[in-house]
Amino acid sequence: MTLESRTVTGGIVVGDYRRFLTLTWTLAVIEWKVRFYGSVLGYVWQLGRPFAFFGVIYVVFTQVIDLGSDVKNYGVYILFALVLFNFFAEVTNACVRSLLTRENLLRKISFPRLAIPMSVTLTGLFNLGGTLVAVFIFAAISGVYPDFSWLQLVPLVFLLAVLACGVGMLLSVLFVRYRDVEPIWEVFTQILFYATPVLYVTTLVDPCCRQEYTLQPLASIMVQMRHAVVDGTAPTLAAELGHDWLILVPVMIVAGAFALGLWAFNREAPKIAEYL
Amino acid sequence: MGAAPLAVSVEEAQKTFRIPHQQYHTIKERALHPFRSRSYDEFHALTDVSLGVQRGEFFGVVGRNGSGKSTLLKCIAGIYQLDGGTISVEGRLSPFIELGVGFNPDLAAEDNVVINAVMMGLSRAEARRRFEEVVAFAELEEFVDLKLKNYSSGMTVRLGFAVATQVDADVLLVDEVLAVGDASFQQKCFEVFQRLKDAGKTIVLVTHDMGLVERFCDRAMLIERGRVVSVGDPHDIGVLYNQVNFGTLAPDLPVAATGERPVDIRTCRVEVAGEPVGEVPHGETLDVVFEARFAERVEHPVFGVLLRNEAGQTVVATTTAWSQRETGVFDAGETATVRLQLDAWFGPGRYSITPSVARQGLGSDMLDLRENMATVILSSTRDSGGLIDPPHRFDIERAQVRTP
């Protein structure tokens with residue numbers, strides 16, 4: 001007999017790992033499909049929307065305001081930074097309500113709860129992928145062409161996704177207990193937006209506290225992205241921080257945020273169905 | 001192993017929900033009332049619930065709304081955590097307790113089948129491969145491209161049930177199915193249940209439908225206010241359930257010396273034009289047919305039929321005592337087929353049928369009574385809201401206006 005006995009617990013990863021991955025993938029794909037449901041152009045909007053949006057940003061910041069005549073490829077930098085920041089903002093804000101909106105699943109079926117914040121992150125990555133295609137085209141039009149250094153985008157996006165997922169996990173379980181999390185996080189996202197070099201570049205920040213400022217993981221990612229993608233002459237993250245080993249600080253913050261999120265989620269997961 | 005192995009065993013399960021007197025969801029409220037939020041009512045959803053379901057057994061759990069039966073099922077499924085006691089399950093457990101979990105109204109059948117199947121543990125490739133089969137079973141071939149929100153509730157349930165049949169688990173937990181669906185589909189569902197039962201699967205079914213429990217379950221359990229009232233023969237549990245549910249004391253049935261009932265109502269069904277049906281269109285003439293086997297000689301027994309609607313209200317209650325006293329003399333071993341013909345002038349809904357046989361005379365010397373032995377769905381193109389909807393006619397005349 002190959003019967004296995006188990007005691008029901010309902011933790012975060014019940015059953016096999018494969019089911020967890022399949023579930024995460026399926027939930028993400030469905031969410032992504034539903035997004036453009038009912039629109040005539042459908043997936044065209046995946047590219048069309050950022051294109052229209054970038055057009056505005058590009059014209060405003062390179063022609064109208066013209067902040068960055070001394071910053072190389074300023075418009076392209078804003079596009080990349082904006083897209084990466086939007087990914088972070090979208091994932092974390094979508095995570096806040098993610099458990100509540102999937103109440104019908106949580107209360108009716110036992111499955112690895114972790115699949116929910118993970119799938120939200122994955123849907124965010126799908127959107128990011130689509131949007132980046134539009135950014136690449138814009139960059140090419142502006143004279144910034146792909147290079148091998150662009151491959152650095154892969155670990156950068158990975159770090160960003162880990163950070164977003166960690167924060168998202170924490171927010172999602174906090175929201176179940178405290179509904180204030182939603183407005184608080186919206187405001188906090190705004191603060192982060194201005195605390196991150198999206199509309200400006202770090203080299204414009206007051207030198208007195210530039211190092212501390214750059215230790216913030218979102219800022220670190222933008223700095224390295226600028227060097228790798230937009231302007232090879234811009235300082236690398238290591239140069240900006242002064243010491244190579246200081247790069248570990250933002251990486252540790254990302255890892256710490258993920259660990260904290262996972263711990264909180266793990267703690268709350270078995271009881272989530274009851275608290276909703 | 002000595003005794004038959006247990007597929008599901010629950011020992012002294014405790015589950016308590018804390019219901020705060022007022023929900024404090026915001027930090028401000030919590031800060032303003034740091035102590036008040038501590039006050040809550042404890043709701044004991046499950047108290048010392050113990051049960052053992054044997055492998056291959058079809059086990060029914062019945063109880064009123066809020067009795068704790070669904071909580072028990074959710075605890076077994078691992079959706080809720082117990083506060084005390086243990087639950088152990090042998091073999092693969094179907095993780096779902098309701099049909100169509102994860103259905104998205106904005107997507108067509110295929111996406112929904114995939115997501116539902118994946119939720120239940122199938123791989124995406126497997127879900128896709130079985131899609132044709134699922135759609136064929138659900139009889140929805142013509143509607144595959146339709147968005148789910150355009151499906152009728154019956155179609156949605158059919159799709160959900162069809163996917164559920166694809167899950168290969170050893171232990172299935174099923175909560176309240178078959179509430180919708182037409183007669184032919186219900187028949188299919190019964191066949192699936194029978195097939196699962198024959199395949200030696202363990203099934204725990206939560207339902208209100210005593211007919212279903214008596215038809216399929218080997219044993220049943222009545223749960224009330226979080227406590228197990230009784231576990232035993234489905235028929236006995238059915239009688240007990242009605243006592244609890246309707247507050248009416250079902251009669252104690254006499255048991256003959258042989259241990260057999262003097263009369264045994266074996267089957268009960270609804271027919272239209274001689275064909276057994278599960279659904280009757282409004283206004284149609286239907287026959288309630290039941291067969292009673294006599295274990296002893298009974299002279300002119302009184303046959304009765306009771307029709308109750310979903311709310312438990314008795315809509316029709318009639319016996320042969322009102323119309324014909326001479327029903328015949330039945331010897332031991334004989335079977336009577338009783339046929340009650342009436343026009344279905346009731347409002348749309350689900351009706352349960354309780355057939356009975358009693359001895360002639362004053363007072364009810366009940367020989368056999370089967371609470372809610374069969375059910376029938378009355379369909380109608382309109383729902384007037386009335387309990388009954390008999391044929392009627394309006395006549396409107398204009399009052400004579402005096403001409404000048």
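When reading the values below, keep in mind they use all heavy atoms of this one structure, side chains included, and skip hydrogens, waters and symmetry mates. In what follows, chains carry the letters A, B, and so on, assigned in the order in which the sequence lines appear, proteins first and then strands, with residues in each chain numbered from 1.
- Legend: residues meeting side-chain hydrogen bond (donor to acceptor under 3.5 Å, both in side chains) with T165(B), ordered by chain and number and at least two apart, are absent.
- When every heavy atom of A77(B) is checked against every heavy atom of S110(A), the shortest pair comes out as O-CB, 3.1 Å.
- At most 12 non-hydrogen atoms from other residues, nucleotides or ligands lie less than 6.0 angstrom from CZ of F188(A).
- Other residues, nucleotides and ligands contribute only 12 or fewer heavy atoms inside 6.0 Å of the CG atom of D145(B).
- A salt bridge links E274(A) and K15(B); the closest N-O separation between the charged side-chain nitrogens and carboxylate oxygens is under 4.0 Å.
- Separation of atoms OG1 (T22(A)) and CE (M119(B)) is listed at 11.5 Å; rounding is to 0.5 Å.
- Using non-hydrogen atoms only and a strict 4.5 Å limit, the part of residues 97-108 of chain A facing chain B consists of N104(A), L105(A), L106(A), R107(A), K108(A).
- Considering only heavy-atom pairs separated by less than 4.5 Å from chain A, the leading option among V101(B), L173(B), V114(B) is V101(B).
- Proximity to chain A (any heavy atom under 4.5 Å) is shown, for L73(B), by neither the backbone nor the side chain.
- When each of V181(A), I272(A), I30(A) is checked for heavy-atom pairs under 4.5 Å with chain B, I30(A) comes out on top.
- Taking NZ from K33(A) and CG from N104(B), the interatomic distance works out to 11.0 Å, rounded to the nearest 0.5 Å.
- Between R19(A) and G121(B), the closest heavy-atom pair is NE-CA, 3.6 Å.
- The side-chain heavy atoms of M120(B) and I109(A), taken from C-beta on, include a pair separated by under 4.5 Å.
- With no hydrogens or angles considered, a side-chain donor-acceptor pair links R124(B) and T26(A) at under 3.5 Å.
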